[in-house]
Amino acid sequence: MTPFTEKVIHIIKNIPQGKVMTYGQVARLAGSPRAARQVVRILHSMSNNHHLPWHRVVNVKGEIVIKREDGFQEQKLNLEAEGVEIENSNKVNLETYQVKE
DNA sequence: GCCATGGCTAGTA
DNA sequence: GCCATGGCTAGTA
């Protein structure tokens, strides 16, 4: 496990319940502003997760972007269970729910 | 060569 | 809707 990967995992683990971060935001906090896709890759490869609240990471528009076969419903249900409201069946309001930096 | 992005233009309405 | 981005893995040598 590389330092960048460890940082990313640490950051995601610290997203509070009922809050979300974007892929790019996680990358930025981990010190690589343009490595959003790498954050995606890490999450994807760890989808059989190490107790990671992966469902609290969404894209820059607040959308759930997982394919249905993977965990779309799971992510949605997990978020709703924490009190996060889903608009238009796939979107969270970042104004309200995104962790401020 | 992968990836669950993101930021930009082109081009429609 | 295009494509640059980047850290990592797979898989060859």
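Naming convention: chains lettered A, B, ... in sequence-line order (proteins, then strands); numbering from 1 in each chain.
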Check: A:N88 side chain, A:K91 main-chain N or O, donor-acceptor pair, under 3.5 Å: no
Side-chain N,O (A:R34) to OP1/OP2 (C:dG6) below 4.0 Å: yes
Interatomic distance where CG belongs to A:L43 and C1' belongs to C:dT9 [whole Å]: 17 Å
C:dT9 OP1/OP2 closer than 4.0 Å to side-chain N/O of A:S45: no
Nearest-Å distance for atom pair CG/C1', residues A:N59 and B:dC3: 14 Å
G-U wobble or Watson-Crick pairing nucleotide for C:dG7 (cut-off 3.5 Å, both distances): B:dC2
Between P of B:dG7 and CD of A:Q25, the distance in whole Å: 12 Å
Touch class at under 4.0 angstrom, heavy-atom based, for A:F4 against every strand present: sugar-phosphate
NZ/NE/NH1/NH2 to OD/OE distance under 4.0 Å, A:E82 and A:K19: no
Atom pair distance, as rounded to whole Å: CD in A:E63 and C1' in B:dG7: 14 Å
Rounded distance (nearest 0.5 Å) linking atom OG1 of A:T5 with atom CD1 of A:I42: 4.0 Å
Whole angstrom value for the distance that separates P of C:dA10 from NE2 of A:H44: 12 Å
Sugar-phosphate only, base, or nothing, as touched by A:R37 at under 4.0 Å among non-hydrogen atoms: base
Whole-Å gap separating C1' (B:dA4) and CG (A:N78): 15 Å
A:E95, CD: over 12 other non-hydrogen atoms inside 6.0 angstrom: no
Residue whose closest nucleotide on DNA chain B lies nearer the 5' end, A:R41 versus A:R28: A:R41
Cluster overlap A:V65 with A:V60, hydrophobic side-chain contacts below 4.5 Å: no
Between P of B:dT5 and CD1 of A:I64, the distance in whole Å: 13 Å
Nearest-angstrom distance from the residue atom NZ of A:K61 to P of C:dG1: 12 Å
Residue A:I66, side-chain heavy atoms: nucleotide from B:dA4, C:dG6, B:dT5 that is nearest: B:dA4
Closest to the A:S32 side chain, choosing from C:dG7, B:dG6, B:dA4: C:dG7
